[in-house]
Protein chains: 2
Amino acid sequence: MVSATLTKFSDLDGQAPFNGCQENFKQPDGIGKNTGRKQRLSAHDVLFYEGDKAERLYEVLRGVMMLYKLLPDGRRQVVYILREGDMLGFSNREFFDCTAEALTEVELQVFESREISTSPMMQHYVNRCLLSQMETLHEHTVLLGRKSALERVSTFLMSLVPNRGGHGCSGPIEEGKPDTKTVALSMTRQEIADYLGLTIETVSRVISQLKRRGLIKVEKQDSIHITNICGICQLTGMH
Amino acid sequence: MVSATLTKFSDLDGQAPFNGCQENFKQPDGIGKNTGRKQRLSAHDVLFYEGDKAERLYEVLRGVMMLYKLLPDGRRQVVYILREGDMLGFSNREFFDCTAEALTEVELQVFESREISTSPMMQHYVNRCLLSQMETLHEHTVLLGRKSALERVSTFLMSLVPNRGGHGCSGPIEEGKPDTKTVALSMTRQEIADYLGLTIETVSRVISQLKRRGLIKVEKQDSIHITNICGICQLTGMH
DNA sequence: AAAGTAATTTGATCTGGAACAAACGTTTTT
DNA sequence: AAAAACGTTTGTTCCAGATCAAATTACTTT
């Protein structure tokens with residue numbers, strides 16, 4: 001059994017003791033853009049398109065990415081947001097079912113698919129990763145299927161507060177600690193709208209409403225200071 | 001590498017050649033309701049609740065189940081429909097994130113979690129299973145976030161037509177073969193509504209509309225004869 | 001088969017969020 | 001620094017789907 005505390009896939013290489021792992025994973029980076037094992041992306045670069053051949057896995061070392069799907073008429077749904085430590089590039093079939101695009105500058109660790117399938121340890125790690133993503137997707141399904149616009153945006157904001165994302169804000173806050181946090185959205189209003197199943201206008205209106213209610217302050221367009229985390233939390237529909 | 005054509009987890013036991021598998025999986029059933037390795041459920045029986053301790057995996061051998069989540073005020077979202085060959089009971093944490101309920105009579109194969117984690121072959125199978133569920137969830141995310149009621153119900157009906165569920169109905173149909181199929185919903189209107197993020201009334205109205213348009217015939221409440229599969233397919237928003 | 005119960009359909013009205021439109025900020029280009 | 005381009009906010013109108021309310025149909029039970 002792999003330790004439950006592992007949080008980085010790329011840390012596995014040094015220790016993977018059994019089977020597979022014919023190659024050494026960590027390599028010096030720098031040979032151009034895709035240096036064999038590391039890759040850099042600028043904001044809005046596409047890593048792969050839906051329908052592309054799936055032959056590599058990636059781990060986000062730095063930055064934020066999104067997975068999305070398009071309908072033929074151009075409607076878009078962002079299905080997942082990937083942050084540091086998250087993996088992407090899994091596929092059931094030969095081809096990707098989503099497009100992967102960078103939201104910010106991104107640094108990736110690159111793995112060939114066969115590197116994974118020959119190492120039980122890595123497979124186990126991938127498994128945990130999939131399970132965690134599945135749980136997030138279940139939560140998001142509830143958001144899209146059953147929550148109001150106010151609840152959606154509040155849930156989204158809470159997901160950006162470390163350690164409060166999932167089922168945070170249970171009960172009153174520790175004495176002395178201010179119930180306050182500045183979060184980076186790393187997404188435009190359009191991207192947030194496409195993630196939350198809303199329009200850009202509705203996202204903007206809800207943010208304005210939260211501002212008016214004194215729960216948040218918009219510092220820069222993509223940086224929000226939450227002045228009352230618990231207050232936002234009460235609006236997520238989960239309490 | 002495990003053969004890509006495996007479709008049943010419970011078939012693995014006979015062949016699993018390496019490691020783990022200290023026990024023989026298939027056992028005679030019949031000792032009461034939960035016979036160690038098999039389990040039967042009646043329609044609307046709950047297999048496990050959200051928050052229950054997660055220590056077993058299940059494979060659906062017969063029947064249909066659903067996974068759902070509830071909000072504190074009673075709103076429900078069905079997040080996944082499980083059919084023959086599907087697995088459930090995965091969990092990232094110690095506890096289940098969803099409730100699992102039978103929609104019809106169900107027969108399950110039961111596995112202890114540690115049986116899985118000690119067999120790389122089974123882990124690999126579980127992995128494929130997770131990836132397939134992930135892909136379905138991505139599709140469903142698009143449905144919930146971006147599709148109209150008509151598109152949602154049409155997509156749902158198409159998912160019940162074997163081999164046409166995902167990206168079916170590409171181009172014209174083979175000569176001679178009638179573009180027709182009777183499908184069992186195995187769900188009430190309320191369950192369908194909670195799956196599609198709609199109300200019971202909207203689901204009913206869309207079904208009536210499809211009936212009026214001559215695309216389907218409602219044979220029994222939960223049995224629908226699709227008289228023009230291609231016609232329904234055109235309404236899914238994916239063509 | 002009749003009575004009772006539950007699920008579904010249909011009708012009428014209401015409303016949250018979409019769509020359209022314009023004004024306002026912010027960043028980039030020249 | 002002015003102009004252009006882009007993203008965001010705010011205002012107005014509209015409509016798809018929710019909500020509320022019966023009526024109808026399908027199952028159970030007796």
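Just so we're on the same page: letters track the sequence lines, and every chain starts at 1.
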### Task
Could you state the atom-to-atom distance from NZ of B:Lys211 to P of C:dT8 in whole Å?
12 Å
### Query
With sugar-phosphate meaning primed atoms plus P, OP1 and OP2, does A:Thr188 contact a base, only sugar-phosphate, or nothing at under 4.0 Å between heavy atoms?
sugar-phosphate
### Task
Starting from C1' on C:dT9, measure out to CD1 on B:Ile216 and report it in whole angstrom.
13 Å
### Query
What is the distance from CD1 of A:Ile200 to C1' of C:dA21, rounded to the nearest Å?
14 Å
### Query
With distance as the sole test, does A:Gln77 use its side chain to make a donor-acceptor pair with the main-chain N or O of A:Tyr195 at under 3.5 Å?
yes
### Query
Between A:Lys220 and B:Met187, which is nearer to the 5' end of DNA chain C once each is assigned its nearest nucleotide?
B:Met187
### Side-chain ion pair, B:Glu201 and B:Arg189, N-O less than 4.0 Å
no
### Query
At under 4.0 Å between heavy atoms, what does A:Ser208 touch on the DNA or RNA strands: base, sugar-phosphate, or nothing?
sugar-phosphate
### Query
Does a salt bridge link A:Lys53 with A:Glu94, judged by any charged N lying under 4.0 Å from a carboxylate O?
yes
### Degree of bending in the helix from C:dA1-D:dT30 to C:dT30-D:dA1 once both end axes are built from five pairs, to 10°
50°
### Message
Centroid separation under 6.0 Å, is that true for the rings of B:Tyr80 and B:His140?
### Response
no
### Query
Within this structure, what is the CD-to-P distance between A:Gln209 and D:dT8, rounded to whole angstrom?
19 Å
#### Entry: Between C1' of C:dT8 and CD of B:Glu219, the distance in whole Å
17 Å
### Query
So, are B:Glu135 and A:Lys69 salt-bridged, with charged N and O less than 4.0 Å apart?
no
## Note on the structure
Tested for ring-ring contact (aromatic ring centres under 6.0 Å, His included) against B:Phe96, the lone hit among B:Tyr68, B:Phe90, B:Phe48 is B:Phe48
### nucleotides 14-25 of chain D: protein proximity per nucleotide (B base, S sugar-phosphate only, - neither; heavy atom, under 4.0 Å)
---SSBB-----
### Task
Starting at OG1 of A:Thr180, measure out to CD1 of A:Ile229 and round the result to the nearest 0.5 Å.
6.5 Å
### Task
Grab the CG-C1' distance between A:Leu235 and C:dG16 for me, whole Å please.
16 Å
## Note on the structure
Rounded to whole Å, CD of A:Glu151 lies from P of C:dG16 at a distance of 12 Å
#### Entry: Separation of C:dT27 C1' from A:Arg189 CZ (nearest whole Å)
15 Å
### Query
Sequence neighbours excluded, which residues qualify as side chain to side chain donor-acceptor pair (under 3.5 Å) partners of B:Arg83?
none
### Task
Answer yes or no: is there a side-chain heavy-atom contact under 4.5 Å between B:Asn92 and A:Met134?
no
